[in-house]
Student: 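Sending over a structure as structure tokens; questions will come in a sec.
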Amino acid sequence: MGTQWSKQVERRKLIADEEKTLQDLYDSCGCTFPGCDQPPSDRKNWMAGLNPEKLRLNKIVWPGTHDSGTNKIGIKMVSRPFAQCQSLSIYQQLVLGTRLLDIRVNENRKVCHGILTTYNIDVVINDVKKFISETQSEIIILEIRTEFGQNDPPEFEKYLEEQLGEYLIHQDDQVFNKTVAEILPKRIICVWKPQKCDPPKAGSPFWSSGYLKDNWIDTDLPSTKFESNLKFLGQQQPVGSRKYFYRVENTVTPQADNPILCVKPVTNRIHGYARLFITQCCSRNIVDRLQVFSTDFIDGDFVDACVGLTWARVEGKC
């Protein structure tokens, strides 16, 4: 018992030291970057506000959500705090400005996070279609994957095409250099990542996993994750040279060897440092690599930071 207690004391000290490291970096560097003072006037229509004729897909900094479909997962006040990564519905996230959704499903077409499940995928699809019907120029990256350890839902591509076919932007390397106006009226880049089924083929209505990459490390240490994100981002090509989307996730994850297992207090260790991350990308000369930026419990300030940097790119200020 004494040894276990000693390990926990050391662990808490390590976390506190890492939190202080990020705070000290913030205090010394601030969070000023090109476009940081240019929030959108209308988050629901922020791509439209940046001029679809000028806005190229590879210039966009896509505000994304991690485990997007978890607002009602599990049992409230019982299992939900251990798996919930978002408090808003899919529709509310899109209205707020989210433009990449991370959806995990099981073989029964239930949205899930690990072993916990929530609503049917129909809820996600209906929210996406509702948002699209209310806007004209907003492009969405919809990532749907079979959760690890689960089986692929039967005939899932057929289902998705029946539901979203008229909106789907087909897999095509040329899309990255196109403007939003050139892509419309198509609205959705759907990245489908099955566990066992064959991946989508070239020219398919769906995009394969190679078109949305990241370097996830499983840690609850905020400075470790922050620096890892910078390291791996720095290894990428600039957005203008890439034919895939690269995601950075401003999140940390509860660990089994730590007594704090609820998502929100753990991810809050890094949540407030999104603007600092963009500032560090600028100071380390890798801001031209940043493309998809995701978070738990997305809020307006996170969206504003991504949109502001996108504005700076469109205006040639970054």
Student: Would you say the rings of F176 and F245 are close, in the sense that their centroids are separated by under 6.0 Å?
Tutor: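 When the ring centroids of F245 and F176 are compared, they turn out to be within the sub-6.0 Å range.
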Student: Using 30° and 60° as the class boundaries, would you call the ring planes of W207 and Y211 parallel, tilted or perpendicular?
Tutor: perpendicular
Student: Are E138 and R99 ion-paired here, with the side-chain N under 4.0 Å from a carboxylate O?
Tutor: yes
Student: Determine which pairs satisfy ring pair (Phe, Tyr, Trp, His ring centres under 6.0 Å) with at least one residue from residues 71-124, sequence neighbours left out, and list them in order.
Tutor: none
Student: Side chain of T135, backbone of F131: donor and acceptor closer than 3.5 Å?
Tutor: yes
Student: Mark yes or no for whether T179, through its side chain, and E182, through its backbone, hold a donor-acceptor pair below 3.5 Å.
Tutor: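 Here the side-chain-to-backbone pair exists.
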Student: Is R43 salt-bridged to D304, going by a charged N under 4.0 Å from an acidic O?
Tutor: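 Salt bridge flag = yes for D304 with R43.
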Student: K54: what forms a salt bridge (charged side-chain N to carboxylate O under 4.0 Å, His left out) with it, not counting sequence neighbours?
Tutor: E315
Student: When you measure from the centre of the six-membered ring of Y244, is the NZ or CZ of K213 under 6.0 Å away and within 45° of the axis?
Tutor: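 Checked: cation-pi criterion met.
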Student: Could you tell me whether the side chain of T146 and the main chain of P194 form a donor-acceptor pair under 3.5 Å?
Tutor: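 Flag not set: sc T146 to bb P194 has no pair under 3.5 Å.
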Student: Is the ring centre of F277 less than 6.0 Å from the ring centre of F293?
Tutor: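 Ring centres of F293 and F277 closer than 6.0 Å.
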Student: Are any of the side-chain heavy atoms of E161 and F206 separated by less than 4.5 Å?
Tutor: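 E161 vs F206: side chains touch.
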Student: So, the side chain of R80 versus the backbone of K72: is there a donor-acceptor pair under 3.5 Å, distance only?
Tutor: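 Yes, because the side chain of R80 sits within donor-acceptor range (under 3.5 Å) of the backbone of K72.
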Student: Could you check whether any side-chain heavy atom of L55 comes within less than 4.5 Å of a side-chain heavy atom of M47, counting everything from C-beta outward?
Tutor: yes
Student: CD1/I90 to OG1/T70 distance, rounded to the nearest 0.5 angstrom?
Tutor: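 The OG1 atom of T70 is 8.0 Å from CD1 of I90, to the nearest 0.5 Å.
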Student: For a quick check under 3.5 Å, do R284 and Q280 share a side-chain donor-acceptor pair by atom type?
Tutor: yes
Student: Are I144 and V191 close enough that some pair of their side-chain heavy atoms sits under 4.5 Å apart?
Tutor: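 Sidechains of V191 and I144: no contact.
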Student: Determine, for D102 against R145, whether the closest basic-nitrogen to carboxylate-oxygen distance falls under 4.0 angstrom.
Tutor: yes
Student: Return yes if some donor-acceptor pair links the side-chain N/O of T98 with the main-chain N/O of L100 below 3.5 Å, else return no.
Tutor: no
Student: Using a distance-only test with no angle check, is there a side-chain donor-acceptor pair under 3.5 angstrom linking N151 and N106?
Tutor: no
Student: Mind checking the CG-OG1 spacing from N250 to T267? Nearest 0.5 Å is all I need.
Tutor: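 N250 CG to T267 OG1: 7.5 Å, rounded to 0.5 Å.
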Student: The criterion is side chain to side chain donor-acceptor pair (under 3.5 Å); which residues satisfy it with R12, sequence neighbours excluded?
Tutor: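 None.
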Student: Quick one, T219 and E18 - any side-chain contact, counting heavy atoms below 4.5 Å?
Tutor: no
Student: Which value, rounded to the nearest 0.5 Å, describes the distance between K186 atom NZ and I132 atom CD1?
Tutor: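 Spacing of NZ (K186) from CD1 (I132) equals 11.0 Å.
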Student: Pick one: which of T65, D127, N71 meets side chain to side chain donor-acceptor pair (under 3.5 Å) with Q93?
Tutor: T65
Student: Should W192 and L168 be counted in the same cluster of Ile, Leu, Val, Met, Phe, Trp and Tyr side chains packed under 4.5 Å apart?
Tutor: yes
Student: Donor-acceptor pair, distance only, cut-off 3.5 Å: does the side chain of K225 make one with the backbone of T251?
Tutor: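 Yes.
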Student: Would you verify whether the NZ or CZ of R289 falls within 45 degrees of the ring axis of Y246 while also being under 6.0 Å from that six-membered ring's centre?
Tutor: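 Not flagged: R289 not positioned over aromatic ring of Y246.
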Student: Got a donor-acceptor contact below 3.5 angstrom from the N229 side chain to the E249 backbone?
Tutor: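 Yes: the side chain of N229 pairs with the backbone of E249.
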Student: If the threshold is 4.0 Å, N to carboxylate O, is there a salt bridge linking R11 and D220?
Tutor: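 Yes, charged N to carboxylate O under 4.0 Å.
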Student: To the nearest 0.5 angstrom, please state how far the OG atom of S137 sits from the CG atom of N45.
Tutor: 8.0 Å
Student: Sub-3.5 Å donor-acceptor pair from the side chain of H271 to the main-chain atoms of T295, do we have one?
Tutor: no
Student: Measure the shortest side-chain to side-chain distance between I189 and L142 over non-hydrogen atoms and say whether it is less than 4.5 angstrom.
Tutor: no
Student: Answer yes or no: is there a side-chain heavy-atom contact under 4.5 Å between R247 and W216?
Tutor: no
Student: S241 side chain to Q237 main-chain N or O, any donor-acceptor pair under 3.5 Å?
Tutor: no
